[in-house]
Amino acid sequence: MSEEEKKKYRNRKIVTVIVMGILVLIFGLIGLLQLNSLKRTPTSERTEAINSNIPTIVMFYSKTCPDCKRVIGTVKLARFKSYGNPTRQDYGVAFVEVNTPDDKDLVNQYHITKTPTFMIFKNGQPQAIGSANGFDVFQYAGTDKEQIKSLYTNLVLKQGGDSQ
């Protein structure tokens, strides 16, 4: 191989590495945008998930809510870390996003007054996520990242215990 051919080969290699790096960067940015985006679950899918015997975490949000935008990355990351894959029902837990302006029926039915609010449903019924002063608590409204993560972690651990 001549010196000129070696130089061309080296230049092609450099260009290939640069193009691959740019592609990785672009796909990474697209993934990051997806991770931090809110997307309303279609009504039929939402109804099916809430009424199923699979525990379903419901996040009530509003597109104009700055707190919702601030926690959505935590929510999606907690989903992924809790059961390894964000696809619905693969690990005995489903996730639904409810846009409060579009889904006023659920907002009114469950007295949602703040976003983001999290609830867990199974067989169409709200499930207790904790207790306070001897009473069951069915909602968590807030942005505490550790509290949000614990919803997923505890539910997945509970499901793992139920199946054994």
Next on the checklist: Quick one, Phe118 with Gln139, criterion side-chain contact (heavy atoms from CB on, under 4.5 Å). Give me CA distance, side-chain angles, the key distance, then yes/no.
Outcome noted: CA-CA 6 Å; Phe118 298 86; Gln139 298 179 2; over 6 Å; no
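- Contact detail for Ala49 and Thr56: the closest heavy-atom pair is O-OG1, 2.8 Å.
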Checklist entry - Could you walk me through whether Val71 and Ile148 pass the side-chain contact (heavy atoms from CB on, under 4.5 Å) check? => result CA-CA 9 Å; Val71 300; Ile148 293 168; 4.0 Å; yes
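- The side chain to side chain donor-acceptor pair (under 3.5 Å) search around Asp103 returns Arg40, Arg46, not counting sequence neighbours.
- Residues meeting the salt bridge (Lys or Arg N to Asp or Glu O under 4.0 Å) test with Glu5, sequence neighbours left out: none.
- Between Ile129 and Leu151, some side-chain heavy-atom pair lies under the 4.5 Å cut-off.
- Among residues at least two apart or in separate chains, there is no side-chain hydrogen bond (donor to acceptor under 3.5 Å, both in side chains) pair with a member in residues 108-121.
- A distance of 8.0 Å separates CZ in Arg70 from NZ in Lys145, rounded to the nearest 0.5 Å.
- Here the side chains of Asn99 and Lys63 are in contact, with some heavy-atom distance below 4.5 Å.
- Residues Pro116 and Thr143 have side chains in contact (heavy-atom distance under 4.5 Å, counting atoms from C-beta outward).
- Between the side chain of Asn123 and the main chain of Gln125, no donor-acceptor pair closer than 3.5 Å is present.
- A 4.5 Å side-chain heavy-atom check between Val96 and Met59 finds every atom pair outside the cut-off.
- Atom CD of residue Glu97 and atom CZ of residue Phe60 lie 12.0 Å apart, to the nearest 0.5 angstrom.
- One finds the CZ atom of Arg10 at 7.5 Å from the NZ atom of Lys7 (value rounded to the nearest 0.5 Å).
- Leu25 is not connected to Val17 by any chain of hydrophobic side-chain contacts under 4.5 Å among Ile, Leu, Val, Met, Phe, Trp and Tyr, and they are in different clusters.
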Checklist entry - Yes or no on side-chain contact (heavy atoms from CB on, under 4.5 Å) for Phe138 and Gln127, after CA distance, side-chain angles and deciding distance? => result CA-CA 6 Å; Phe138 293 91; Gln127 303 296 300; 5.6 Å; no
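- In this structure, CD1 on Ile50 lies 11.0 Å from CD on Glu45, to the nearest 0.5 angstrom.
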Item to check | side-chain contact (heavy atoms from CB on, under 4.5 Å) between Val58 and Phe121, intermediate numbers included | outcome: CA-CA 7 Å; Val58 177; Phe121 289 84; 3.5 Å; yes
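- If you take NZ on Lys122 and CG on Asn53, they are separated by 6.5 Å, rounding to the nearest 0.5 Å.
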